[in-house]
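In what follows, a structure is listed as C-alpha cells, so that the remarks can point back to it.
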Amino acid sequence: MIIVMKSHAPKEHIEHIIRELSAQKLKPVPLYGTERTVIAVIGDERNLDINHLRALPSVSNVMPVLKPYKLAARETKQEDTIIEIKGVKIGGTELSIMAGPCSVESQEQMSLTARAVSKSGAKILRGGAFKPRTTPYSFQGHEEKGLKMIRKAADENNMLVITEVMDASQIDVILKYADILQVGARNMQNFTLLKKLGKIKKPVMLKRGLCATLKEFLLAAEYILAGGNQQVILCERGIRTYEDDMRNTLSIGAVARIKELSHLPLIVDPSHATGMASLVSPVALAAVAAGANGLMIEVHPNPTTALTDGDQSITPEAFENMMAKLNLVAVAVGKELPNKKL
Ligand code: PEP
Ligand code: MN
C-alpha cells in the first residue's frame with residue numbers, strides 16, 4: 001500500500017501513521033520528499049481499514065496494491081484452479097460444456113435434451129428446479145420433483161447435474177441430486193447463502209450479478225472460498241447497461257480480465273447474456289476465444305413451447321452446429337472440446 005501525504009504534512013501526522021501501521025505488524029517505510037512524504041507499506045495490507053487511513057490528518061491518498069479478494073486472486077495463486085467432479089475437469093484445457101433447458105419441465109423433456117446434448121459433447125446437464133422469476137405469477141419450477149427428473153436424465157447419459165439454489169433452505173435437498181450448485185445473478189450478493197455454501201463439500205458456480213463490478217463479483221466468490229469451500233466456478237452472464245436491444249451486455253473484455261485477475265475457472269453463459277437464440281453461437285465462440293473455460297447454454301427440444309426463456313433457447317440441432325464451430329476456435333486458443341458420447 002502507498003500512502004501519499006498532503007504537501008508539507010507536519011511530522012507528528014506522519015509519525016502517527018507510522019506508529020499505527022507498526023502496531024499492526026506492517027513495515028511502514030517513509031520516503032521524505034522536499035514537498036511531500038510518501039509512506040510505502042510493506043506486508044499484507046488487506047485487513048487494513050482504508051477509509052480510516054484516508055480520514056487521518058494530512059493524508060492525501062491511500063492506494064492499495066494487493067487485491068481485497070485474497071483467495072480468489074491470481075496474485076495469491078498463479079496456476080489455474082482445476083475442479084474435478086467424477087472424472088470431469090473444470091478449469092483445465094478441456095472446455096466444460098453445460099447445456100440443457102432453462103427449467104426442468106418434464107422427464108421426457110429432460111431425457112430428450114440430455115441425450116441430444118451429450119451426443120454433441122456436453123458433460124454437464126443444466127436445468128432449474130427452483131426458478132428465480134421476475135413475476136410471482138410465472139412458473140416457479142417443479143422443486144424436488146424437478147430435481148429427480150434432471151438427476152435421472154443425467155444418469156441415463158452419464159452426465160453431471162448443475163442446478164440453481166435460490167435460498168439457504170434449499171441447500172440440503174439440492175445436495176441430494178446435484179453435482180454443482182448454481183448461485184444465480186440475483187443472489188450474487190446474498191451473503192447468508194454464500195456463507196452457507198462455503199461450508200458444503202460440492203462445487204458452487206457463482207453467476208455475476210446484474211450490476212456487479214468485477215471486484216464485487218470476485219469478493220462474492222471470496223465469501224465461499226473464505227468459508228472453506230475451494231471449489232468455486234465463476235460465470236459471466238452479462239450485466240445490465242443502457243443498451244436495451246439485448247437482454248444484457250456481455251463484455252468480452254471482462255472475460256479476459258477475470259482470467260487475469262483470478263485463478264478460478266470461468267464459464268460464460270451467452271444465453272442469458274444476449275436473450276436471443278440467434279446470438280448464442282457467435283457469442284459462445286467469442287467467449288472461448290477470449291479465454292473462457294467453458295459455456296453454459298440453454299437448449300430445449302422445442303423452444304417455442306418452453307415454459308421459461310424460450311427466446312434464448314437453442315434447439316439440439318443448433319447446439320450441434322455450434323459445437324462443430326467451437327472445435328475450430330478451441331484449437332486456435334489451445335483448448336479442446338470434450339469427446340462426444342458415442
Ligand atoms: C439461469 O441460469 O437459469 C438463470 C436464472 O440465470 P441468471 O441467474 O444468470 O439470470
Ligand atoms: Mn434461463
Side-chain angles (χ1 to χ4, degrees), residues 96-105 109-110 113 117 122 124-136 138-143 146-147 149-150 160-167 170 174 178-190 193-194 197 203-212 214 216-217 220-221 224 232-241 246-251 254-255 258 266-277 279-280 283-284 287 292 294-315 319:
S96 302
I97 310 296
M98 308 176 173
C102 179
S103 306
V104 176
E105 297 170 7
Q109 169 233 24
M110 287 314 299
T113 312
V117 297
I124 306 165
L125 184 62
R126 69 145 285 148
F130 295 92
K131 292 303 302 175
R133 305 307 306 284
T134 303
T135 124
S138 332
F139 174 59
Q140 303 285 310
H142 287 312
E143 306 190 348
L147 293 173
M149 293 175 197
I150 188 172
L160 301 177
V161 166
I162 181 167
T163 196
E164 178 163 351
V165 54
M166 282 169 54
D167 185 83
Q170 299 159 355
I174 293 177
D179 299 295
I180 307 170
L181 278 70
Q182 170 178 328
V183 177
R186 290 155 194 81
N187 262 318
M188 189 203 82
Q189 284 189 320
N190 179 342
L193 177 62
L194 299 179
L197 293 172
V204 176
M205 185 171 90
L206 178 68
K207 294 187 107 179
R208 181 174 177 186
L210 273 72
C211 53
L214 293 187
E216 287 161 344
F217 185 24
I224 307 171
V232 178
I233 302 159
L234 302 169
C235 179
E236 171 60 87
R237 45 79 77 209
I239 52 170
R240 194 166 273 189
T241 66
M246 287 167 284
R247 186 171 179 182
N248 288 294
T249 299
L250 178 84
S251 161
V255 175
I258 292 167
L266 175 66
I267 301 296
V268 170
D269 170 351
S271 308
H272 291 89
T274 63
M276 293 165 155
L279 300 180
V280 168
V283 173
L295 299 165
M296 171 171 261
I297 310 280
E298 284 188 343
V299 180
H300 195 286
N302 187 358
T304 53
T305 66
L307 292 181
T308 57
D309 285 349
D311 291 351
Q312 68 193 34
S313 300
I314 61 172
T315 60
F319 181 72

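Note that these values count all heavy atoms, side chains included, but never hydrogens, waters or copies made by symmetry. Keep in mind that what you see is a predicted model, and the values were worked out from it rather than measured. Throughout, residue positions are numbered sequentially from 1 according to the sequence presented. Ligands are counted one by one from 1 in listed order, and the atoms in each one are counted from 1 as well.
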Problem set entry | Donor-acceptor pair between Asp167 and Gln170 side chains, under 3.5 angstrom | no
Seminar exercise, completed: The reported gap from CD1 in Ile124 to CD1 in Ile233 (rounded to nearest 0.5 angstrom) is 7.0 Å
For this session: With sequence neighbours excluded, tell me which residues meet ring-ring contact (aromatic ring centres under 6.0 Å, His included) with His142.
Result: Phe139
Exercise. Are any non-hydrogen side-chain atoms of Glu298 and Asp269 less than 4.5 angstrom apart?
Worked result: no
Problem set entry | Neighbour list for ligand 1 [protein residues, heavy atom under 4.0 Å] | Arg126, Lys131, Pro132, Glu164, Gln182, Gly184, Ala185, Arg186, Lys207, Arg237, His272, Glu298
Problem set entry | Greater than 12 external heavy atoms within 6.0 Å of Arg133's CZ | yes
Just list the side-chain donor-acceptor pairs under 3.5 Å for residues 98-105, sequence neighbours left out, or say none.
residue : atom : partner : partner atom : Å
Ser103  : OG   : Thr308  : OG1          : 2.5
Glu105  : OE1  : His300  : NE2          : 3.1
Glu105  : OE2  : His300  : NE2          : 3.3
Glu105  : OE2  : Leu307  : N            : 2.8

Problem set entry | Note, Pro303 side chain near Ile314 side chain (heavy atom, < 4.5 Å) | no
Seminar exercise, completed: Protein N/O/S atoms closer than 2.8 Å to the Mn ion (ligand 2), ordered by chain and number, come to Cys102 SG, His272 NE2, Glu298 OE2, Asp309 OD2
Problem set entry | Main-chain N/O of Ser138 paired to Gln140 side chain as donor or acceptor, under 3.5 Å | yes
Exercise. Is any side-chain N of the basic residue among Glu164 and Arg126 closer than 4.0 Å to the acidic one's carboxylate O?
Worked result: no
